[in-house]
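Quick note: residue numbers are just sequence positions, from 1. Just so it is clear, the values below take in all heavy atoms, side chains as well, and ignore hydrogens, waters and symmetry mates.
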Amino acid sequence: MLRSTTMKIMLLGALVTMAACDFAGTRPIGADEGEPTGNQNQDSTKQRNDVKIVSASGDITGAVNEYRTLLGALNPNVAGEQPGGRREVNWDGVPATFTDNDAFPGGFFNANSPRGLLLTTDGSGFRVSSNGYTDVNPAYFGEFSTFSPAKLFVARGSTTIDIHFFVAGSTTPALVDGFGSVFADVGRAQSTLIEYFDANGYRLLRLAAPRGTDANGLSFIGAKFDSLVVARVRITVGDVPLDAATVDNVKQTGPKLDLVATDDFIYGEPRAPRP
């Protein structure tokens with residue numbers, strides 16, 4: 001059975017003041033509140049005065065649906081700004097041309113399938129996989145489960161994915177009121193992060209994805225702000241990139257390397273900033 005808790009987190013300051021602070025070196029929100037242990041489902045909703053945080057591990061379906069409800073109805077994958085609601089990316093509709101290779105274009109979900117999302121990385125590119133990345137390394141067999149079968153997404157040569165928002169199908173920068181992601185095989189409490197930035201580059205919030213707590217190893221975390229404030233999101237996906245010479249050893253002795261992949265991205269409708 002899902003275990004749900006709701007708690008109020010004390011106001012740390014006005015949003016602008018909070019955004020100007022550098023939280024580097026502090027424990028990300030989501031890492032303080034009793035990390036999951038054992039084979040159990042964890043579902044947690046935390047409320048701050050300006051943002052609501054939803055996180056889960058184990059059976060994450062309820063938390064994902066809760067987050068979808070917070071953002072609003074799903075909008076069609078068409079160009080143009082919608083008055084509200086949400087967009088989603090689940091990778092499964094990516095054509096074969098851009099699957100199981102390093103050719104996936106970062107602008108696919110703004111140009112090819114307009115959803116207002118541009119991806120960049122300091123690595124060599126991006127890879128959408130239909131086989132759990134076993135073609136990258138056969139040792140990954142059974143490592144990464146999916147929330148929406150059967151494709152997953154990672155950056156190549158880096159653990160960093162930057163997500164920039166635009167009015168769908170355009171070059172007009174946009175803001176969203178929330179972003180969340182499903183992760184596969186988070187094994188360490190601090191290995192996988194989502195950071196939220198405003199249009200001036202100030203960090204608004206940093207969240208740590210919860211560890212997987214069952215055989216599927218899925219986790220979810222997302223934040224819903226009370227206004228359109230998020231211009232960019234940075235995801236740190238595990239300790240090291242997926243590679244032919246790298247394996248996940250979190251459950252072994254010695255220094256830990258946590259390898260993680262992403263599944264569904266869920267975010268508010270990208271809308272142009274208002275005066």
Side-chain angles (χ1 to χ4, degrees), residues 24-25 28 30-31 35-36 39 57 60 89-92 94-109 118-163 181-195 206-221 233-265:
E35 281 294 333
N39 186 22
S57 61
I60 65 172
V89 169
N90 62 18
W91 316 109
D92 304 311
V94 172
T97 306
F98 301 131
T99 300
D100 299 327
N101 54 47
D102 295 347
F104 182 78
F108 182 90
F109 285 110
L118 174 68
L119 304 163
T120 62
T121 181
D122 58 358
S124 58
F126 299 107
R127 190 180 188 97
V128 174
S129 176
S130 66
N131 55 41
Y133 297 100
T134 55
D135 55 344
V136 174
N137 188 332
Y140 297 157
F141 179 79
E143 185 84 21
F144 305 109
S145 298
T146 59
F147 180 70
S148 58
K151 296 182 181 180
L152 296 168
F153 175 78
V154 297
R156 294 288 279 153
S158 176
T159 60
T160 301
I161 302 168
D162 282 308
I163 301 168
S181 177
V182 174
F183 296 100
D185 202 40
V186 178
R188 291 199 316 105
Q190 302 298 314
S191 75
T192 300
L193 307 171
I194 302 180
E195 299 172 272
R206 181 170 63 162
L207 302 177
R211 297 194 301 262
T213 53
D214 64 6
N216 286 329
L218 295 176
S219 305
F220 173 81
I221 194 160
V233 168
R234 168 167 288 184
I235 303 179
T236 302
V237 188
D239 294 318
V240 292
L242 276 60
D243 185 79
T246 307
V247 295
D248 189 302
N249 68 350
V250 168
K251 297 180 181 178
Q252 302 173 14
T253 59
K256 306 302 183 185
L257 294 178
D258 192 14
L259 275 63
V260 180
T262 72
D263 203 339
D264 298 39
F265 289 173

- Of all the heavy-atom pairs spanning Val247 and Ala139, show the shortest one and how long it is. CG1-CB, 3.8 Å
- Query: Can any side-chain N or O of Thr192 pair as donor or acceptor with the backbone N or O of Gly238 at less than 3.5 Å?
  - Reply: yes
- Atom CG in Leu259, atom CG in Leu242: separation rounded to 0.5 Å? 5.0 Å
- side chain to side chain contact (heavy atoms under 4.5 Å, CB included) between Phe98 and Val128: does it pass, once the steps are laid out? CA-CA 7 Å; Phe98 301 131; Val128 174; over 6 Å; no
- Task: To the nearest 0.5 angstrom, please state how far the CG atom of Asp264 sits from the OG atom of Ser181.
- Result: 8.0 Å
- Query: Which pair of non-hydrogen atoms, one from Arg188 and one from Arg211, has the smallest distance, and what is that distance?
  - Reply: C-CG, 3.7 Å
- Query: How far apart are the C-alpha atoms of Ile235 and Phe265, what are their side-chain angles, what is the distance that settles it, and do they pass the side chain to side chain contact (heavy atoms under 4.5 Å, CB included) test?
  - Reply: CA-CA 11 Å; Ile235 303 179; Phe265 289 173; 3.9 Å; yes
- Looking at Asp92 and Lys151, what are the two nearest heavy atoms and their distance? OD1-N, 2.9 Å
- Task: Applying side chain to side chain contact (heavy atoms under 4.5 Å, CB included), run through Asp258 and Val186 and close with a yes or a no.
- Result: CA-CA 7 Å; Asp258 192 14; Val186 178; 4.2 Å; yes
- Task: Considering non-hydrogen atoms only, spot the tightest contact between Ala155 and Thr121 and give its length.
- Result: CB-OG1, 3.7 Å
- Message: Which residues pass the ring pair (Phe, Tyr, Trp, His ring centres under 6.0 Å) test with Phe144, not counting sequence neighbours?
- Response: Tyr140
- Separation between CZ (Phe126) and OG1 (Thr120), nearest 0.5 Å, reads 6.0 Å
- One should read off an interatomic distance between Thr262 OG1 and Leu152 CG, to the nearest 0.5 angstrom, of 7.0 Å
- Do the non-hydrogen side-chain atoms of Ile194 and Phe183 ever get within less than 4.5 Å of each other? yes
- Item | Side-chain donor or acceptor of Asp263 paired with backbone N/O of Phe147 under 3.5 Å | yes
Solution key, residues 100-108 side-chain donor-acceptor pairs under 3.5 Å, sequence neighbours excluded:
residue : atom : partner : partner atom : Å
Asp100  : OD1  : Ser130  : N            : 2.9
Asp100  : OD1  : Ser130  : OG           : 3.4
Asp100  : OD2  : Ser130  : OG           : 2.6
Asn101  : OD1  : Ala103  : N            : 3.0
Asn101  : ND2  : Thr97   : O            : 3.0
Asn101  : ND2  : Thr99   : O            : 3.4
Asp102  : OD1  : Arg127  : NH1          : 2.7
Asp102  : OD1  : Arg156  : NE           : 3.1
Asp102  : OD2  : Arg156  : NE           : 3.2

- Query: Looking at residues at least two apart in the chain, or sitting in another chain, which of them share a side-chain hydrogen bond (donor to acceptor under 3.5 Å, both in side chains) with Asp248?
  - Reply: none
- Is there a donor-acceptor pair under 3.5 Å between the side chain of Tyr133 and the backbone N or O of Ala261? no
- Query: Roughly how far, to the nearest 0.5 Å, is CZ of Arg234 from CG of Asp162?
  - Reply: 4.0 Å
- Item | For Asp185, all residues meeting side-chain hydrogen bond (donor to acceptor under 3.5 Å, both in side chains), sequence neighbours excluded | none
- Given side chain to side chain contact (heavy atoms under 4.5 Å, CB included), test Thr146 with Trp91 step by step and report yes or no. CA-CA 11 Å; Thr146 59; Trp91 316 109; over 6 Å; no
- Item | Sub-4.5 Å side-chain heavy-atom contact between Val89 and Phe153 | no
- Query: Does any non-hydrogen side-chain atom of Thr159 lie less than 4.5 Å from one of Asp239?
  - Reply: no
- Distance in Å, Asn216 CG paired with Ser57 OG, rounded so as to fall on 0.5 Å steps: 11.5 Å
- Grab the two heavy atoms, one from Ala245 and one from Asn137, that are nearest each other, plus how far apart they are. N-ND2, 4.3 Å
- Would you check if Thr160 and Ser158 make a side-chain contact, meaning some heavy-atom pair closer than 4.5 Å? yes
- Provide the closest heavy-atom pair for Ser219 versus Pro210 in the form atom of the first, atom of the second, distance. OG-O, 2.6 Å
- Could you list the residues that satisfy side-chain hydrogen bond (donor to acceptor under 3.5 Å, both in side chains) with Ser124, not counting sequence neighbours? none
- Query: Can you name the residues that form a side-chain hydrogen bond (donor to acceptor under 3.5 Å, both in side chains) with Glu143, not counting sequence neighbours?
  - Reply: none
- Do Thr134 side-chain atoms and Asn131 backbone N/O form a donor-acceptor pair below 3.5 Å? yes
